[in-house]
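These notes are about the structure you will find just below.
In the text below, chain A, chain B and the rest are named by the order of the sequence lines, each starting its count at 1. Because the structure is predicted, anything quoted here is derived from the model rather than measured.
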Amino acid sequence: MDRLIGQYAGWTGGGFGYSFFSPDVGNQVVVKTFTLLPNDELKEDVIGTGTDMFDSRFSAVLHTFRNEKAYELMSRVAVSYMVAKYPGAHRVYVAIGEYEAPSMTAYSKERRPSHFREICSGIYVY
Amino acid sequence: MSIKPKTKYLFIHKNIIIMNATHDVRRLQLVILRVGVAIAILCKIMVEFNDLEFLFTTRGIVPGVLINGLRSPFTLSLPAMVEFFHITNEPAFLKGLFLIYFCAAQLLFLGLFTRWSAAICFIIHLLLFNGYNLVTFGFDGFLFSLLFYNLIFPVGKVLSLDACFFKFARKPINEQYLNLCIRLLQFHLCVVYLTAGIAKLKGHEWIAGTAVWSAINQPQFFTPFTGWIKSLASIPFISLIWCWGTLLAEVGFPFFIWIKHYRIGQFALLSILLMHVFIGLAMGLQLFAWIMIVFDLAAFGGVFLLATSKDQKADGFQFYL
């Protein structure tokens with residue numbers, strides 16, 4: 001039965017779930033990286049802010065690893081990309097965090113922006 | 001055009017019959033399906049073409065070890081194909097594949113060699129989707145399904161170059177088959193909205209009326225309209241209306257869409273279309289919004305065209321069946 005369902009889903013797209021933004025929306029996971037280039041320049045990147053299609057797809061990968069046990073894997077994925085993006089880079093600082101929305105009242109009163117709460121961080125040497 | 005008994009006709013102006021409504025409106029829905037999907041693919045290729053190497057190669061953002069681990073054993077996938085043919089220059093191969101994809105999507109748009117172009121688009125999308133499902137999201141899933149429908153439905157027989165150049169494409173579409181195709185789309189779409197709506201009903205944020213607020217505060221959904229939308233959504237009453245409006249539109253869609261009386265079906269479709277326009281404009285998910293609007297109109301676009309003033313005045317409930 002699993003094989004039949006797998007084949008049906010694989011050939012028709014029927015295995016895709018439709019539960020978007022549910023049961024709850026939650027906070028967004030964002031990865032910030034600081035990459036040290038060979039000329040000692042520090043490059044800051046933010047992954048998961050949906051700036052373009054590539055970032056949206058990267059965000060989908062990060063969303064899959066949105067689990068305490070998978071943060072290490074998420075960091076490695078981000079570091080691999082940074083090392084490929086900046087050839088010669090050998091040291092990357094990674095911070096995984098969530099953007100927490102302000103309450104409606106706080107936003108109405110003082111236009112308080114979303115708050116970045118760091119969940120974990122680390123330095124990778126390539 | 002001769003008038004047959006018990007046939008519904010579409011009026012664009014008082015007493016002017018322009019077409020056999022049910023059949024021709026359904027043919028028009030097939031055109032929406034073909035052209036809408038082709039436009040979606042062309043847009044997708046244009047925004048992704050420069051990042052293909054990072055997105056869809058074994059040296060990209062999804063580690064090779066994960067690609068192999070998550071690969072579906074039941075179907076084709078790009079990494080399996082690369083491995084099978086011992087392709088060493090993945091980026092060049094991928095660019096070539098996307099150029100073929102681009103050409104096939106253009107042919108699909110024009111309706112030239114429609115079945116073949118739909119098949120090429122479908123296979124390439126299938127390879128990408130099954131091989132790199134970690135980087136996929138809602139848009140890709142719906143594109144997959146709609147490409148499958150393009151492959152099996154007679155989309156090349158209506159307003160297409162095939163119909164201009166080839167005799168086989170000019171043969172009329174069997175009415176029962178056309179009906180079955182549209183019914184399949186309609187059933188699928190109803191399942192989509194019902195599933196999405198019920199899943200949301202289980203969430204505390206949707207019931208409390210804060211889900212829309214949480215969503216528009218995510219940086220990935222920031223657009224030039226965000227400030228304005230946030231000002232509105234920060235009013236709890238408005239946020240509550242948006243959340244419950246979404247729930248009502250999604251859960252109610254499979255039931256209300258069939259009702260002709262008081263234009264309920266039209267309102268159901270209009271409300272769901274407006275929801276997708278909101279998603280596209282306010283949250284920046286233009287491709288997702290586009291593919292859903294195409295799906296909605298391909299399945300139920302006829303409800304805007306088939307209702308006549310006579311239907312609205314009829315006693316009792318009438319249905320779009």
Side-chain angles (χ1 to χ4, degrees), chain A residues 2-28 30 46-61 63-65 73 76-78 80-81 84-85 99-109 111 113-114 116, chain B residues 44 47-48 50-51 54-55 59-63 66 72-76 126 129-130 134-138 140-148 191-193 195-196 199-206 210-215 217-222 230-231 233-236 239 284-285 287:
Chain A
D2 283 352
R3 186 180 173 82
L4 271 178
I5 293 172
Q7 280 177 339
Y8 171 77
W11 288 100
T12 64
F16 199 76
Y18 305 124
S19 49
F20 309 109
F21 294 108
S22 60
D24 286 312
V25 177
N27 298 321
Q28 188 196 341
V30 168
V46 183
I47 304 167
T49 49
T51 45
D52 52 25
M53 188 66 154
F54 174 75
D55 193 66
S56 296
R57 292 211 180 277
F58 211 144
S59 194
V61 180
H63 193 77
T64 311
F65 301 136
L73 188 57
R76 285 176 187 272
V77 169
S80 305
Y81 171 61
K85 185 178 175 184
Y99 269 101
E100 293 173 330
S103 68
M104 292 179 193
T105 319
Y107 183 82
S108 298
K109 279 183 183 168
R111 289 287 184 268
S114 297
F116 182 76
Chain B
K44 169 191 147 71
V47 294
E48 276 182 349
N50 292 330
D51 298 311
F54 282 124
L55 288 173
R59 298 178 69 83
I61 54 174
V62 184
L66 284 177
S72 167
F74 305 117
T75 183
L76 300 174
L126 179 147
F129 188 89
N130 289 330
L134 275 184
V135 296
T136 60
F137 36 65
D140 302 284
F142 286 111
L143 183 59
F144 196 162
S145 296
L146 295 189
L147 271 170
F148 178 73
V191 170
V192 168
Y193 285 124
T195 312
K200 285 184 180 72
L201 275 174
K202 293 176 187 167
H204 164 75
E205 287 185 355
W206 286 99
T210 57
V212 173
W213 173 250
S214 298
N217 271 283
Q218 295 197 356
Q220 63 177 329
F221 300 131
F222 284 1
K230 276 171 83 170
S231 302
S234 62
I235 302 166
S239 196
L285 299 173
L287 278 177

Give, as side chain, backbone, both or neither, the part of A:N27 having an atom under 4.5 angstrom from any heavy atom of chain B. backbone
Around atom NZ of A:K85, are there more than 12 heavy atoms from other residues, nucleotides or ligands closer than 6.0 Å? yes
Portion of B:F144 that has a non-hydrogen atom of chain A nearer than 4.5 angstrom: both
Under 4.5 Å to a heavy atom of chain B? For A:F65 that would be side chain
Show the numbers, then the answer: is there a ring pair (Phe, Tyr, Trp, His ring centres under 6.0 Å) between A:Y99 and B:F221? CA-CA 12 Å; A:Y99 269 101; B:F221 300 131; over 10 Å; no
Is A:M53 close to B:D51 at the side-chain level, that is, under 4.5 Å between some pair of heavy atoms? no
So, does A:W11 use its side chain to make a donor-acceptor pair with the main chain of B:L76 at under 3.5 Å? no
Any idea which heavy atoms bring A:A101 and B:W213 closest together, and the distance? CB-NE1, 4.3 Å
Whatever's closer than 4.5 Å to a heavy atom in chain A on B:V47 counts as both
The reported gap from OG in A:S114 to NZ in B:K230 (rounded to nearest 0.5 angstrom) is 5.0 Å
Check each atom of B:K44 against the heavy atoms of chain A and say whether the ones under 4.5 Å are side chain, backbone, both or neither. side chain
With a 4.5 angstrom heavy-atom cut-off, could you sort out which part of B:F129 is near chain A: side chain, backbone, both or neither? side chain
With only heavy atoms counted, which part of B:N50 is less than 4.5 Å from chain A, the side chain, the backbone, both or neither? neither
B:Q218 versus chain A, heavy atoms under 4.5 Å apart: side chain, backbone, both or neither? both
Can you find a pair of side-chain heavy atoms, one from A:R111 and one from B:S231, that are under 4.5 Å apart? yes
Are A:M104 and B:T210 close enough that some pair of their side-chain heavy atoms sits under 4.5 Å apart? yes
Flag the pair B:I61 / A:V61 as yes when at least one side-chain heavy-atom distance between them is below 4.5 Å, and no otherwise. yes
With sequence neighbours left out, write down each residue that passes ring pair (Phe, Tyr, Trp, His ring centres under 6.0 Å) with A:Y81, or none if nothing qualifies. A:F54, A:F58, B:F54
Residue A:T51 versus chain B: region with a heavy atom under 4.5 Å: neither
Strictly distance-based, threshold 3.5 Å: is any side-chain N or O of A:T49 a donor or acceptor partner for the main-chain N or O of B:Q220? no
Counting heavy-atom pairs closer than 4.5 Å to chain B, which one of A:A106, A:P102, A:A78 comes out on top? A:P102
Tell me the closest heavy-atom pair linking B:E205 and A:D24, and the distance in Å. N-OD1, 2.7 Å
Sidechain-backbone polar pair: B:W206 side chain, A:V25 backbone, donor-acceptor under 3.5 Å: no
Under 4.5 Å from any heavy atom of chain A, what part of B:L126 do you find: side chain, backbone, both or neither? side chain
